Amino acid sequence: MVVTKPIAWIFYVVVLLICNSTNAQVITTTLEPTVRNVTELNIGFNRRSDQGTWWTDTSFINLVDDMNPDIVRYPAGTQANYWDWSTGQFIPNTDKVWNNKEVVTIPTFLNALPQRTKVVYVVNMARPTPATGIDVNASEAVLKSQSTRNAKITDILNALAEFTNQGKTPYAIELGNEFYFGNIESGIFEIIDTGTDFLSGWDTANNQPYSSSSKADATEITATFYLDQCIAIVAAIKAVYPNMKFVLTTTKGGTAARDRWNNTIFTELETNPNYSVLKNNVYAVSQHHYLNDNYGVQTPIGDNATAEVAIAEGIQYPIDKQVDYDVVPSDYKIWYTEYGEVKGIAEETWASAIRFEAFAYSWLTRGDKVGQLGWHYISDNNVVNDNNSPMKLAPVGIASKLLSQASADMTDMQKINFGNNPIAVNGVNALHGFTFKSNEKETVFIINISDTDFAQVPFNNLITYTGQPIMTQYYSNAPYVSGVFEGHSNIVSTVGSVNTAIDIHKFSITVIEVPNSTLGLEDTSQKKRSVYPNPFQDHIVFKDVNTVKSVAIFNINGSLVFKTSHLESKILKLEGLPSGMYFAKIESDAVHTVKLIKQ
């Protein structure tokens, strides 16, 4: 009798804890009817030069392969305004000190990219390179002259020729970076505050800059000066590369100068006949967004509750910035060529991975104008952990790999609606997701930003293909622990076959891949065959081993029975496997699943 009451209380507490950590309601799933074409949606990274060795390090190159980005921006953001492409570093004798950063020339950069990854080249409109023969510290009249502009155009065309000669012409040209700030980094687009007025642009008739009484007015002059430069640069590039896409520098709003820049750019393009040809050649405009010291919580996370708050900001921030989406005319795509987090409250934690996915999801749900997502830079410590040898994927790198696994080379996207979807924190729901589809496969992509497990969430109603679904899920029970990376015990990953419903773990990223059985799984098309013979006895042969990054083989119960990366031979020996049916998940330029029969 003495122990009965304590045992009863212990039982009550255990049941209470279980109920609190597992959602008791049944989650339902449906698809929004709108199907978005994502053929030209690109998800990837900004690049920049840092200290140390990255772009020639084999382990880093392998990790870039693993992340498989659609696109990478070169040379960087602000660094582009100082860049000399021929040397792979800054132009000498400017306010920017090189400080032993990694030299990355065009060949070095391209050699590190996967074959399918596209390049956005941010051209240096701000300063003349030494190859132009013009001193970077020449007079303002010289630097802003038509002859200097023409010399820079020649230099830009030479850079594009180098890309082409190395086998990869850029997918798009980004016309400079962040000139709306009008600071020293803007070069010829700098606004000079004299203390009594603001000087910007160039008055050719009087051979001097224009004078304005406010920075906002000076920004308007700079914006038109920028458009005038763009006219000549775009025309010259278009003459040689007629299919090139062009991206103009615009900005999020919120300050008088930023708003004036945007209003000037969009109004001039729409109403000024001098810019009509330029308008027709502009494919997209850029915006940069960061979770910084001016947004949200500033205290580093220390438990699951604070991790939820930090992650939820990834959903909420793009919602709060809907006005910046709406201000862009429907004529243009919006390329978020830099977005990320710089306040450092979740450094190298699994929470940063979930927040990355939340950020991407929330940007994509703003609308069809979203055309590119570029995380602020690929060598960031949250993306790649360089404390290990070889380097390993840090949490954001893992998340990027999973998002690519779901979205790369897909044509259609639909948003998933979750019925009985509980609030995780601060009015933000727990579950979010998309489906993606191509002729080869469908994928289901789900993130759980909450500290709650969800049992038997249906997915079969979200897909139309009938191949065997394979699920990959990553999660962490303690997403606030710092210094984690792929292979760390804090991050759990599971891969296996599933049927109609899945368990979704707390703080998880889930990708379900369903091959089109008429193409990939049943292997009826000769063109689609990637391995042979099938059925096999003791080995399989890859049609093109050079494109294979990894192979994972699962039995019919979904258990991983074999895995290898970076094949050195086109023959893969599998004599140790018992006879039966298996599923081979093959990662190359895309990820597909092949049914194998061992005799």
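Heavy-atom basis, side chains included; hydrogens, waters and symmetry copies ignored. None of these values were measured; they are calculated from a predicted model.
Looking at Glu338 and Asn177, their side chains come closer than 4.5 Å, going by heavy atoms from C-beta outward. In this structure, the side chains of Asp324 and His289 come closer than 4.5 Å at one or more pairs of heavy atoms. For the pair His505 and Val492, the minimum side-chain heavy-atom distance is 4.5 Å or more. With contacts defined as side-chain heavy-atom distances shorter than 4.5 Å, the pair Ile345/Thr299 does not qualify. Counting only heavy atoms from C-beta outward, the side chains of Phe266 and Thr250 approach each other to under 4.5 Å.
Across every non-hydrogen atom of Gly397 and Met67, the tightest pair is O-CG, 3.6 Å. Between Glu185 and Arg127, the shortest heavy-atom contact is O-NH1, 3.2 Å. The two residues Tyr332 and Ala284 come nearest to each other via the heavy atoms CB-CA, 4.3 Å. Listed here is the closest heavy atom pair of His488 and Gly483: CD2-O, 4.0 Å. Here the closest non-hydrogen pair linking Gly44 and Pro69 is CA-CB, 4.0 Å.
Here Met413 contributes atom CE and Arg36 contributes atom CZ; the two are 4.5 Å apart, rounded to the nearest 0.5 Å. Rounded to the nearest 0.5 Å, atoms OG (Ser352) and CD (Glu341) are 8.0 Å apart. Ile398 CD1 to Tyr474 OH: the interatomic distance, rounded to the nearest 0.5 Å, is 6.0 Å. To the nearest 0.5 Å, atoms OG1 (Thr117) and CG (Asp65) are separated by 8.0 Å. Rounding to the nearest 0.5 angstrom, the gap separating the CG atom in Asn477 from the OG atom in Ser508 is 10.5 Å. For the atom pair Thr349 OG1 and Arg355 CZ, the distance stands at 7.0 Å (nearest 0.5 Å).
Between Tyr317 and Tyr295, the ring planes lie perpendicular to each other; the angle is over 60°, past the 30° to 60° tilted range.
If you check the side chains of His288 and Thr337, you find a donor sitting under 3.5 Å from an acceptor. Glu102 and Ser49 are not linked by any side-chain donor-acceptor pair at a separation below 3.5 angstrom, with hydrogens and angles left out of the test. Inspection of the Tyr74 and Trp83 side chains reveals an N or O donor paired with an N or O acceptor under 3.5 Å. Looking only at atom types and distance, the side chain of Tyr290 has no donor-acceptor partner in the side chain of His376 under 3.5 Å away. Using modelled atom types and a 3.5 Å distance limit, the side chains of Tyr339 and Gln287 yield no donor-acceptor pair. Checking Thr78 against Asn81 by side-chain atom types alone, no donor-acceptor pair falls below 3.5 Å. Asp84 and Thr129 form no side-chain donor-acceptor contact under 3.5 Å, judged by distance and modelled atom types alone.
Not a single donor-acceptor pair under 3.5 Å links the side chain of Lys118 to the backbone N or O of Thr169. No side-chain donor-acceptor contact under 3.5 Å links Gln51 to the backbone of Asn100. With Asn46 contributing its side chain and Tyr377 its backbone, the two residues share no donor-acceptor pair below 3.5 Å. A distance-only check finds no donor-acceptor pair linking the side chain of Trp335 to the backbone of Val247 [under 3.5 Å].
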- Item | Derivation of the side chain to side chain contact (heavy atoms under 4.5 Å, CB included) call for Glu178 and Ser186 | CA-CA 7 Å; Glu178 295 184 347; Ser186 301; over 6 Å; no
- Task: Assess whether side-chain hydrogen bond (donor to acceptor under 3.5 Å, both in side chains) is satisfied between Thr306 and Asp303, documenting all intermediate values.
- Result: CA-CA 6 Å; Thr306 52; Asp303 53 29; 2.8 Å; yes
- Item | Gln316 and Asn426: CA distance, side-chain angles, deciding distance, side chain to side chain contact (heavy atoms under 4.5 Å, CB included) verdict | CA-CA 9 Å; Gln316 189 60 46; Asn426 294 339; over 6 Å; no
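Among the candidates Tyr121, Trp85, Phe109, the single residue satisfying the side-chain contact (heavy atoms from CB on, under 4.5 Å) test with Pro75 is Tyr121.
Applying the side-chain hydrogen bond (donor to acceptor under 3.5 Å, both in side chains) test to Asn381 and every residue at least two apart in sequence or in another chain returns Glu347, Glu348. Residues forming a side-chain contact (heavy atoms from CB on, under 4.5 Å) with Ser212 (at least two apart in sequence, or on another chain): Asp217, Ala218, Ile221. With sequence neighbours left out, Ala399 forms a side-chain contact (heavy atoms from CB on, under 4.5 Å) with Ala353, Phe356, Glu357, Ile509.
Aromatic rings of Tyr226 and Trp261 (six-membered ring for Trp) have centroids within the 6.0 Å cut-off, being under it.
Under a cutoff of 6.0 Å and an axis angle of 45°, Lys369 and Tyr325 form a cation-pi pair. Stacking of Lys245 on the aromatic ring of Tyr283 is recorded, both the 6.0 Å distance cut-off and the 45° axial limit being met.
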